[in-house]
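Here the structure comes first, spelled out in structure tokens, and everything after it is commentary.
Note that this is a predicted model, so its numbers are computed, not measured.
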Amino acid sequence: MSTSVSFDKYIVGITSLKILLHCLKSVKEKEAYWQWVYISLHSAVQAYMVLALTSSTSLLTYKEEDAEEWLQKYDANEQLPDCKLDYFMNLYRKTKTTKFLFYSNSVRFVPSKSQDWSIKRVNALRNDFIHYKHAGLMLILGNPFVILTDCLDYIEFLAFRSNNIVWFEDSYKSETERLLSECRALIRT
């Protein structure tokens with residue numbers, strides 16, 4: 001049996017939010033779902049950073065050396081290289097710089113201390129879970145809803161206030177709004 005599945009940057013973001021929503025619903029029954037809450041949250045944050053950094057090219061989403069090589073090849077009218085996505089924290093830094101202002105109405109991200117800490121923390125947690133190097137891991141979550149709220153606020157900023165995401169499909173925009181709202185409703189209960 002042959003299967004064909006297609007993805008785009010929008011679908012990855014929306015799917016990550018759907019998985020996050022599912023995990024948030026499930027975490028009350030089984031605490032082990034916290035792992036997947038952080039993994040799916042990280043995936044959603046990264047997807048919307050990539051969407052917001054894409055512009056007419058994807059240069060800001062690439063590692064610096066790959067972006068430079070791409071520009072050289074483009075200017076020389078040569079075969080364009082296959083570029084690698086930049087690291088999560090580098091993508092985050094770019095959303096806070098003037099590089100992010102590539103449209104006349106673009107707005108860069110100015111985080112609160114809490115938001116800055118939460119983005120770094122979700123990246124560290126995701127890395128702990130994906131690159132699992134522990135015999136066991138015990139997390140003292142404190143108030144995990146701060147991280148969730150800060151990251152959802154960041155996604156909302158990227159999606160709707162940065163003015164950097166062009167919504168080619170109205171359904172993608174409305175689905176993102178709906179999923180953010182449902183995730184927020186769950187973390188308030």
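Scanning all heavy atoms of the two residues, the minimum distance from Leu91 to Leu60 falls at CD2-O, 4.0 Å. Nearest heavy-atom pair across Tyr103 and Ser55 is OH-CA, 3.6 Å. Looking at every heavy atom in both residues, Leu179 comes nearest to Ile14 through CD1-O, 3.6 Å. Residues Val110 and Gln115 come closest through the heavy atom pair O-OE1, 4.3 Å. Across all non-hydrogen atoms, the minimal contact from Lys94 to Phe100 is O-CB, 3.4 Å. Contact detail for Val37 and Cys23: the closest heavy-atom pair is CG2-CB, 3.7 Å.
Evaluation of the side chain to side chain donor-acceptor pair (under 3.5 Å) test over residues 157-166, restricted to residues two or more places apart or in two chains, returns Ser106-Asn164, Glu156-Arg161.
A salt bridge does not link Lys84 to Glu69: none of the charged nitrogens lies less than 4.0 Å from a carboxylate oxygen. The pair Glu182-Arg178 meets the salt-bridge criterion, with a side-chain N (NZ, NE, NH1 or NH2) lying under 4.0 Å from an Asp/Glu carboxylate O. The pair Arg184-Asp153 meets the salt-bridge criterion, with a side-chain N (NZ, NE, NH1 or NH2) lying under 4.0 Å from an Asp/Glu carboxylate O.
Judged by distance alone, the side chain of Trp70 and the main-chain N or O of Asp82 form no donor-acceptor pair under 3.5 Å. Judged by distance alone, with hydrogens and angles left aside, the side-chain atoms of Arg108 form a donor-acceptor pair with the main-chain N or O of Lys96 at under 3.5 Å. Under the 3.5 Å distance criterion, the side-chain polar atoms of Ser118 are matched with a main-chain donor or acceptor of Ser114. Side chain of Ser58 to main chain of Thr61: no donor-acceptor pair is present (N/O by atom type, distance under 3.5 Å, no hydrogens or angles). Between the side chain of Ser174 and the main chain of Ser171, a donor-acceptor pair closer than 3.5 Å is present.
Of the options Thr95, Thr149, Asp116, a side-chain hydrogen bond (donor to acceptor under 3.5 Å, both in side chains) to Tyr154 is made by Thr95 and by none of the others.
For the residue pair Thr176/Tyr48, the side-chain donor-acceptor check at 3.5 Å is satisfied. In the model, Lys63 has a side-chain atom that pairs as donor or acceptor with a side-chain atom of Tyr87 under 3.5 Å.
Met89 and Leu85 fall within the same hydrophobic cluster, where Ile, Leu, Val, Met, Phe, Trp and Tyr residues are linked whenever their side-chain heavy atoms come under 4.5 Å apart, directly or through other members. Linking ILVMFWY side-chain heavy atoms closer than 4.5 Å, directly or via other members, places Val146 and Leu152 in two distinct hydrophobic clusters. A continuous path of Ile, Leu, Val, Met, Phe, Trp and Tyr side chains, each step under 4.5 Å between heavy atoms, connects Val107 with Leu180, placing both in one hydrophobic cluster. Under the 4.5 Å side-chain heavy-atom criterion for Ile, Leu, Val, Met, Phe, Trp and Tyr, Leu101 and Val166 are members of distinct hydrophobic clusters.
With rounding to the nearest 0.5 angstrom, the CD1 atom of Ile19 is 7.0 Å from the OG atom of Ser43. With rounding to the nearest 0.5 Å, the separation of CG in Leu148 from CG in Leu24 is 5.5 Å. Separating the CG atom in Leu71 from the CG atom in Leu59 is a distance of 5.0 Å, to the nearest 0.5 Å. Here Lys18 contributes atom NZ and Ser40 contributes atom OG; the two are 13.5 Å apart, rounded to the nearest 0.5 Å. Interatomic distance, CZ of Phe109 versus OG1 of Thr97, reported as 13.0 Å (0.5 Å rounding). Distance check, rounded to the nearest 0.5 Å: CG of Leu20 to OG of Ser16 gives 8.5 Å.
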Set out, in order, the CA-CA distance, both residues' side-chain angles and the distance that settles salt bridge (charged side-chain N to carboxylate O under 4.0 Å, His left out) for Lys99 and Glu64, then state yes or no. CA-CA 13 Å; Lys99 290 180 184 179; Glu64 298 250 347; 3.5 Å; yes
Does the side chain to side chain contact (heavy atoms under 4.5 Å, CB included) test come out yes or no for Ile147 and Trp117, once each step is laid out? CA-CA 8 Å; Ile147 294 173; Trp117 178 86; 3.6 Å; yes
Check the pair Asn90, Arg93 against side-chain hydrogen bond (donor to acceptor under 3.5 Å, both in side chains), reporting the backbone distance first and the verdict last. CA-CA 5 Å; Asn90 289 341; Arg93 278 186 212 80; 2.6 Å; yes
Mind running side chain to side chain contact (heavy atoms under 4.5 Å, CB included) on Ile155 and Leu17 for me, showing each step along the way? CA-CA 10 Å; Ile155 292 170; Leu17 286 175; 4.2 Å; yes
Derivation of the side chain to side chain contact (heavy atoms under 4.5 Å, CB included) call for Ile119 and Tyr92: CA-CA 8 Å; Ile119 297 296; Tyr92 176 61; 3.7 Å; yes
Could you go through Leu125 and Val122, starting from their C-alpha distance and side-chain angles, then the distance that decides it, and tell me whether this counts as side chain to side chain contact (heavy atoms under 4.5 Å, CB included)? CA-CA 5 Å; Leu125 288 167; Val122 79; 5.5 Å; no
Kindly indicate, with the supporting measurements, whether the criterion ring-ring contact (aromatic ring centres under 6.0 Å, His included) is fulfilled by Tyr10 and Trp167. CA-CA 9 Å; Tyr10 298 90; Trp167 296 98; 5.8 Å; yes
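Lys9 NZ: more than 12 foreign heavy atoms inside a 6.0 Å radius. Counted within 6.0 Å of CD on Glu65, heavy atoms from surrounding residues, nucleotides or ligands total more than 12; the atom is thus considered enclosed. Atom CD of Glu177 has more than 12 neighbouring heavy atoms from other residues, nucleotides or ligands inside a 6.0 Å radius. Counting heavy-atom neighbours within 6.0 Å of Asn105 CG, excluding the residue itself, gives a total above 12. Counting heavy-atom neighbours within 6.0 Å of Phe88 CZ, excluding the residue itself, gives a total above 12. In Phe160, the CZ atom is crowded: over 12 heavy atoms of neighbouring residues, nucleotides or ligands sit closer than 6.0 Å.
Tyr172 is listed as a side-chain neighbour of Asp8, based on a closest heavy-atom distance under 4.5 Å. Side-chain contact check for Asp86 versus Tyr62: every heavy-atom pair is 4.5 Å or farther apart.
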